[in-house]
Amino acid sequence: MATRADEPADPDRPRARWPSTGAVLLWVVGLTALILVLGLLTGTGVRLIGLVVFLPAFAATFTTVRQTVFTACWSAAVMALSLVYHPAPNRSDDIVALTLTVVFGVLSVLGCRYRIRHESEMLRLRSTATAMQRSILRPLPLLTDQVLMDGVYEPLQEDKLVGGDIYDLAASPYGTRVLIGDVQGKGLPAIGTAFAVIGAFREAAYREPTLSGLADALEEAVVRHNAIAAEADEPERFVTALVLCIDDSPTVQAISCGHPRPYLVGPGATVSVLLDEADLPLGLGSLAPAPRTVGRFDFPFDTTLLLCTDGLTETRAPDGTFFPLEKRLAEEAGLPPTRLARFLHADSRAFSAGHQQDDIAVLALCRAPAADRSPAV
């Protein structure tokens with residue numbers, strides 16, 4: 001089936017926002033009237049009418065092909081009428097003026113057609129990239145039988161949905177496994193490493209009965225990815241990560257791989273959870289003198305467990321001072337989990353005067369109420 005040149009063929013494909021035909025008609029007629037009025041006021045109407053030649057080129061920058069064709073025909077008609085009522089002393093000058101108007105119109109239509117095709121291609125690529133990036137990080141909130149996880153994720157580059165920070169949650173037979181991490185570096189190579197870690201987590205979270213086995217699987221994934229990157233002369237990367245296992249017991253298992261510590265925010269108190277900070281990031285495990293250790297801490301039902309990346313803890317004000325995370329948590333300990341992460345994100349943005357220095361991930365976890373429990377994610 002034939003399709004218009006100024007529309008994508010796929011009806012599900014995102015479309016560019018083009019002005020309506022009525023709006024185009026209004027501004028074309030308005031600009032033409034403005035040119036005529038200025039010509040009458042200055043006494044140079046015949047010379048100013050030549051400006052209508054440029055109307056199709058202007059239209060080609062933001063309208064559809066059909067609207068540009070209309071503008072080109074309008075310009076040619078206005079120029080022809082002007083030459084009929086005010087012919088030049090030399091007939092050849094009229095022919096040249098009308099020919100230039102037609103040529104400019106044709107070139108404008110061709111330019112508009114090229115622009116539409118380019119925009120449609122970019123929309124297709126952006127739609128594909130969006131789908132791929134959403135397959136890496138699932139939208140929040142996420143819910144399992146044990147945990148409700150909500151929060152804020154904001155990559156440094158606003159045109160991307162995914163940056164170097166990662167998170168995921170899996171309802172495994174051994175409890176809910178939670179991952180938050182931060183890939184070294186920025187850009188597409190960092191996203192590749194992030195995808196490798198997320199993929200390994202989603203597989204190993206269900207396969208590995210122990211949290212240390214899950215951490216080892218993530219370590220192997222980063223090492224394999226770095227080996228492939230080295231073959232392509234790309235730099236090796238490490239990943240700071242925090243891996244948790246939350247089941248129906250009051251105790252949480254945790255392994256820190258060089259990641260910022262979590263916080264327990266409860267009624268009237270905020271506690272920084274102390275884990276083995278000597279554990280190295282994923283990808284550097286071979287340099288550690290001993291295997292990674294599993295820490296344990298209590299996670300009461302009325303407490304919020306806050307996880308974040310260094311995009312929050314290392315946020316700086318214009319004068320260089322760091323964001324006082326623990327102070328803010330103590331001040332806002334009464335906020336519900338669904339609002340706490342968003343408050344911290346907005347507060348850090350205001351603290352830094354809107355200047356974001358890194359990807360930011362802030363996750364707030366609470367015990368899932370019995371009424372809200374759902375099948376495994």
Side-chain angles (χ1 to χ4, degrees), residues 135-138 142-149 164-184 190 192-230 236-262 264 273-299 305 307-309 361 363 365 367-368 375-377:
S135 69
I136 300 177
L137 295 183
R138 294 179 293 166
L142 298 173
L143 177 67
T144 68
D145 284 344
Q146 290 88 18
V147 176
L148 170 64
M149 182 170 75
D165 290 357
I166 55 176
Y167 66 84
D168 205 2
L169 177 146
S172 76
Y174 316 103
T176 297
R177 269 50 188 296
V178 180
L179 167 69
I180 184 171
D182 185 359
V183 180
Q184 176 197 19
T193 305
F195 187 78
V197 176
I198 288 289
F201 174 81
R202 290 174 178 171
E203 177 184 355
Y206 298 92
R207 185 189 67 230
E208 296 294 337
T210 65
L211 197 64
S212 57
L214 173 57
D216 290 342
L218 300 181
E219 171 74 23
E220 293 173 2
V222 176
V223 170
R224 288 194 302 268
H225 184 80
N226 282 337
I228 296 174
E236 297 182 359
R237 300 177 185 274
F238 61 81
V239 182
T240 67
L242 181 64
V243 188
L244 309 176
C245 182
I246 305 174
D247 53 24
D248 294 328
S249 68
T251 302
V252 174
Q253 300 179 48
I255 294 181
S256 175
C257 304
H259 197 77
R261 64 183 62 175
L264 285 171
V273 178
L274 297 178
L275 299 172
D276 189 351
E277 297 182 353
D279 285 340
L280 295 177
L282 299 173
L284 303 178
S286 60
L287 303 178
R292 293 186 173 91
T293 58
V294 179
R296 289 174 172 80
F297 60 90
D298 291 335
F299 182 19
L305 178 60
L307 313 178
C308 65
T309 58
L363 305 177
L365 288 76
R367 297 282 186 174
V377 176

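- Of all non-hydrogen atoms in A221 and A196, the two that sit nearest each other are CB-O, 4.0 Å.
- With contacts defined as side-chain heavy-atom distances shorter than 4.5 Å, the pair L244/V147 does not qualify.
- With salt bridges taken as basic N to acidic carboxylate O contacts below 4.0 Å, none links E208 and R177.
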Where do Q146 and V252 land on the side-chain contact (heavy atoms from CB on, under 4.5 Å) test, with the steps shown first? CA-CA 11 Å; Q146 290 88 18; V252 174; over 6 Å; no
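- Taking the side chain as every heavy atom from C-beta outward, P262 and L264 never approach each other to under 4.5 Å.
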Give the C-alpha distance, both sets of side-chain angles, the deciding distance and a yes or no for side-chain contact (heavy atoms from CB on, under 4.5 Å) between V243 and L218. CA-CA 10 Å; V243 188; L218 300 181; 3.9 Å; yes
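- The closest donor-acceptor contact from the side chain of Q253 to the backbone of R296 lies at 3.5 Å or more, if one exists at all.
- Taking each heavy atom of R367 and T251 in turn, the nearest pair found is NH2-N, 4.2 Å.
- When atom types are taken as modelled, the side chain of R237 and the backbone of G283 share no donor-acceptor pair closer than 3.5 angstrom.
- Atom CG of L211 sits about 10.5 Å away from atom OG1 of T293, to the nearest 0.5 Å.
- Contact between C245 and Y174 at its shortest, heavy atoms only, is SG-O, 3.4 Å.
- Judged by distance alone, with hydrogens and angles left aside, the side-chain atoms of Y167 form no donor-acceptor pair with the main-chain N or O of C308 at under 3.5 Å.
- Here the options are D247, T144, D145, D248, the test is side-chain hydrogen bond (donor to acceptor under 3.5 Å, both in side chains), and the partner is T176; only T144 passes.
- Looking only at side-chain heavy atoms (C-beta outward), V273 and R261 stay at 4.5 Å or farther from each other.
- In this structure, the side chain of H259 does not engage the main chain of P281 through any donor-acceptor pair within 3.5 Å.
- Of the inter-residue distances, the one linking R202 atom CZ with R207 atom CZ reads 15.0 Å to the nearest 0.5 angstrom.
- A distance of 11.5 Å separates CG in D168 from CD1 in I180, rounded to the nearest 0.5 Å.
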Given the rule in the side-chain contact (heavy atoms from CB on, under 4.5 Å) test, do H225 and V197 qualify, once you have shown the distances and angles that lead to the verdict? CA-CA 9 Å; H225 184 80; V197 176; over 6 Å; no
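- Counting heavy atoms from C-beta outward, L282 and R292 have side chains that approach closer than 4.5 Å.
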Would you check, one step at a time, whether the test side-chain contact (heavy atoms from CB on, under 4.5 Å) holds for I255 with L214? CA-CA 10 Å; I255 294 181; L214 173 57; over 6 Å; no
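- Taking 4.5 Å as the limit, some side-chain heavy atom of L242 sits within range of a side-chain heavy atom of L307.
- For the residue pair Y206 and A171, the shortest heavy atom distance occurs at CE2-O, 3.3 Å.
- Between the side chains of D182 and T309, not a single donor N or O lies within less than 3.5 Å of an accepting N or O.
- When all heavy atoms of A230 and E236 are compared, the closest pair comes out as CB-OE2, 4.2 Å.
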